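The next block holds one structure in the form of structure tokens; read it before the comments.
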Number of protein chains: 2
Amino acid sequence: MARSSTRAPAITDVARLAGVSVPTVSRVITGSVPVSAERKERVHSAIRELGYRPNGAARALVTGRQSAIAVIASNTTRYGYATTLQGIEESARAAGFIVMITVIESDEPEAVSAAVDLALSHPVSGAVVLKFDPAGAAALRALPTDLPVVAVAGGKSDARPHAVLDDTAAAKHATEYLLGLGHSTVHYVAVPTSGRRAGRAAGWRKALEHAGVEPPPIYDAGWDPQRAYEFGRGVAERSDVTAALCGNDELAMAFIRALQECGRRVPDEISVVGFDDHPLSRYWTPPLTTVRQDFADLGRRSFELLGGALDGDGVRSSSVTPRLVLRESAGPVPSSPSR
Amino acid sequence: MARSSTRAPAITDVARLAGVSVPTVSRVITGSVPVSAERKERVHSAIRELGYRPNGAARALVTGRQSAIAVIASNTTRYGYATTLQGIEESARAAGFIVMITVIESDEPEAVSAAVDLALSHPVSGAVVLKFDPAGAAALRALPTDLPVVAVAGGKSDARPHAVLDDTAAAKHATEYLLGLGHSTVHYVAVPTSGRRAGRAAGWRKALEHAGVEPPPIYDAGWDPQRAYEFGRGVAERSDVTAALCGNDELAMAFIRALQECGRRVPDEISVVGFDDHPLSRYWTPPLTTVRQDFADLGRRSFELLGGALDGDGVRSSSVTPRLVLRESAGPVPSSPSR
DNA sequence: GACGACGATGATAACGTTTTCAGACGAGCC
DNA sequence: GGCTCGTCTGAAAACGTTATCATCGTCGTC
């Protein structure tokens with residue numbers, strides 16, 4: 001007890017104090033092989049007395065099994081990212097795994113490989129990559145092929161297992177909903193996407209093309225609500241836009257705010273549909289019609305997939321289509337068009 | 001290359017292929033001791049050819065140094081938590097450390113010790129605890145004293161280094177601001193706190209007591225905007241409340257929404273001040289007057305402190321007082337009181 | 001020309017576990 | 001009573017790396 005300043009107690013110290021051999025201590029701890037009740041008790045009390053804690057590095061070294069997974073993402077704070085991470089962590093913890101997070105600053109090759117190197121310089125048994133954007137997609141490509149990896153995404157599957165939220169289908173559905181309300185076209189305020197043919201933009205475009213309308217130019221906001229706000233101020237001056245789909249709810253909120261500041265009413269004059277069902281969306285004025293995405297579930301599914309990959313299952317994937325939740329920010333096209 | 005199905009290449013494989021000894025390979029990798037240019041080149045090309053990656057567990061075992069830190073928190077998704085985590089991760093990555101996150105489900109002893117055990121079962125050189133709530137405070141107590149630990153908090157310092165955002169002072173200031181606007185008292189919608197005498201509630205109470213007014217009962221919302229919304233519906237029916245301070249912006253938004261649904265105007269009839277300066281606060285209707293807290297900076301400071309603790313500095317702490325940002329959700333007391 | 005210093009290199013010993021293997025001991029069976 | 005079997009135990013090997021130490025040239029200095 002008084003020896004806290006010296007080195008941490010090791011298994012040999014426990015063995016000596018308990019008067020048993022080192023392997024016996026190990027067996028008591030892991031429970032792999034039965035040990036007589038009496039010794040077991042002696043070992044336990046020695047552990048308590050010494051405050052012994054097995055050295056994870058040594059254990060990982062000899063077993064070759066790691067109880068950590070890497071999560072690679074370009075961000076950890078945005079709603080979708082953070083909630084997915086939470087889902088992953090939750091399942092991982094339940095399975096006795098710890099998660100190591102690594103963020104990729106950008107999709108430039110050096111940043112990507114630096115992040116991958118950092119993540120892989122620690123013993124992990126697998127990795128989950130949040131492929132919500134180009135940086136995520138790049139990380140996925142940079143990861144060695146012999147490491148179990150699962151991608152979390154909206155988007156197409158490649159050679160690796162994917163847990164997907166089919167936002168393409170959901171965006172298509174949301175766009176069709178707006179079209180069905182009588183709007184002649186739907187504008188799109190975009191978040192980044194992981195690839196050309198994937199994601200919300202693709203679904204939006206598909207719906208318009210099916211309906212025979214030429215997709216209008218995209219407003220690209222990145223992840224920045226301020227950009228969406230500025231688009232909103234621009235749109236407020238145009239009398240021809242009556243409906244917009246936003247890549248996420250934060251964008252939708254800023255966009256709506258700009259419209260309202262300019263005196264345009266939502267949904268009376270302009271309908272707006274968001275994406276994600278952010279926790280604050282229902283408290284917005286007006287409450288947001290949006291596409292609910294269950295990111296926590298997505299995270300949990302991705303960890304399950306990783307577990308499968310660890311056990312050597314083939315490439316499996318899992319897809320869920322999010323559904324539209326109707327609130328008050330979208331409505332029928334204005335009866336007396338403001339043109 | 002074709003051997004990807006067998007075990008991963010080890011340093012011995014590299015040494016053999018390069019025709020040098022194992023320690024030489026190690027020296028090339030770590031750069032600790034000079035190696036002749038020619039051998040260095042041979043080693044590098046062997047590494048490339050084999051796709052060799054040093055085994056972190058073995059390295060950690062022998063050096064005793066770990067390049068990972070544990071972050072222990074009760075949540076990773078809420079604005080303050082997520083942003084602090086981001087700040088920590090950013091500084092840690094810059095210093096070559098990786099972050100392992102562990103969430104504590106609750107402040108019950110079993111949950112706390114399970115989380116601590118999981119975090120410490122992996123080789124870490126230190127830990128950062130988010131002491132924003134009782135669970136965080138409990139984790140801090142459960143951590144062994146010989147591990148370098150820093151707490152991130154609003155609240156008092158104990159024996160360990162703390163990075164603090166002085167939300168007590170800030171809450172006092174915000175309350176005084178409302179009082180200065182002519183409100184006879186200020187109600188408080190509370191978030192959880194890490195201890196009795198700490199946090200926003202304490203500052204709010206102090207300001208009222210200084211002003212000689214008896215603090216009204218607290219509305220305890222936990223972290224749940226829905227609860228704040230319900231309080232808002234209750235408050236809307238009372239004509240005697242003219243000012244409220246909310247423990248965070250999410251709560252403030254839901255609270256305001258409830259008031260507005262009931263036809264009460266903010267700030268004309270009731271003033272509301274939030275906390276945190278959530279990214280959406282400026283887009284709210286009305287834009288939120290709130291206390292800006294720089295959580296990312298808080299996270300960065302906490303990692304710096306941990307670096308100091310690792311190097312054996314004494315107990316240092318670092319405190320910043322957040323400042324009020326004035327927008328439109330708070331104003332003077334109604335001139336013709338609604339009573 | 002001998003000697004000390006220095007720079008690069010390799011052999012070997014750690015680091016703290018789990019795994020493998022062999023041994024001790026007692027019980028049950030022929 | 002000897003044999004086999006099963007259960008528990010300990011000795012020793014292994015995991016992949018870095019640290020320590022000794023060795024071997026080579027160079028500069030006296």
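Sequence lines set the chain letters: A, B, ... in the order given, protein chains first and strands last, and positions in each chain run from 1. Everything numeric in this text was worked out from a predicted model, so none of it was measured.
Computed from C1' positions of five pairs at each end, the angle between the two local axes of the helix from C:dG1-D:dC30 to C:dC30-D:dG1 equals 50°, rounded to 10 degrees.
Counting any heavy atom pair closer than 4.0 Å across all strands shown, B:P23 reaches a base atom. In this structure, A:R39 reaches the sugar-phosphate backbone alone: every heavy-atom distance under 4.0 Å involves primed, P, OP1 or OP2 atoms, never a base. Residue contacts for B:T30: at a heavy-atom cut-off of 4.0 Å it reaches the sugar-phosphate backbone alone, with no base atom in range. A:V35 comes within 4.0 angstrom of sugar-phosphate atoms only, judged by non-hydrogen atoms across all strands, and of no base. Heavy atoms of B:T63 sit under 4.0 angstrom from primed sugar atoms or phosphate atoms, though from no base atom.
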For A:D13 and A:Y52: C-alpha separation, side-chain torsions, deciding distance, then whether side chain to side chain contact (heavy atoms under 4.5 Å, CB included) applies. CA-CA 9 Å; A:D13 302 317; A:Y52 167 74; over 6 Å; no
Run the side chain to side chain contact (heavy atoms under 4.5 Å, CB included) test on B:R160 and B:V129 for me, step by step, so that the C-alpha distance in whole Å, both residues' side-chain angles and the decisive distance to 0.1 Å come before the verdict. CA-CA 11 Å; B:R160 324 191 93 134; B:V129 178; over 6 Å; no
Check step by step if salt bridge (Lys or Arg N to Asp or Glu O under 4.0 Å) holds for B:R300 and B:E304. CA-CA 6 Å; B:R300 286 188 292 264; B:E304 277 166 31; over 6 Å; no
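Residues from residues 115-127 of chain B with heavy atoms under 4.0 angstrom of DNA chain D: there are none.
Heavy-atom nearest nucleotides on DNA chain C were determined for B:S21 and for B:L61, and the one closer to the 5' end corresponds to B:S21. Positionally, the nearest nucleotide of DNA chain C for B:P34 lies more toward the 5' end than for the other of B:A58 and B:P34.
Across the protein-nucleic acid pair, B:N55 atom CG and C:dG16 atom P stand 16 Å apart, rounded to whole Å. Atom CG of A:D13 and atom C1' of C:dT17 are 13 Å apart (whole Å). Rounded to a whole Å, the CZ atom of A:R27 is 12 Å from the P atom of C:dT20. If you take CD1 of A:I29 and P of C:dG16, they are 14 Å apart, rounded to a whole angstrom.
B:I88 CD1 to B:F97 CZ: the interatomic distance, rounded to the nearest 0.5 Å, is 13.5 Å. Residue A:D107 holds its CG atom at 8.5 Å from CZ of A:R141, rounded to the nearest 0.5 Å. With rounding to the nearest 0.5 angstrom, the CD1 atom of A:I47 is 9.0 Å from the CG atom of A:L50. Between the OG1 atom in B:T84 and the CZ atom in B:R301 there is a gap of 10.0 Å [rounded to 0.5 Å].
Contact annotation: B:T24 does not reach the phosphate of C:dT9 (side-chain N/O to OP1 or OP2, under 4.0 Å). Applying the 4.0 Å criterion to OP1 and OP2 of C:dT19, one finds that A:R65 has a side-chain N or O inside that range.
No donor-acceptor pair closer than 3.5 Å links the side chain of A:T77 to the backbone N or O of B:A82. At distances below 3.5 Å, not a single donor-acceptor pair connects side-chain atoms of B:T83 with backbone N or O atoms of B:G80. Side-chain atoms of B:S26 never come within 3.5 Å of backbone atoms of B:V22 as a donor-acceptor pair (strictly under, hydrogens ignored).
In summary, the aromatic rings of B:W223 and B:Y81 are positioned with their centroids under 6.0 Å apart.
A salt bridge does not link A:R42 with A:E49: none of the charged nitrogens is closer than 4.0 Å to a carboxylate oxygen.
Taking every nucleotide of DNA chain D with any atom under 4.0 Å from a non-hydrogen atom of chain A, the first and last of them, 5' to 3', are D:dC8 to D:dG16.
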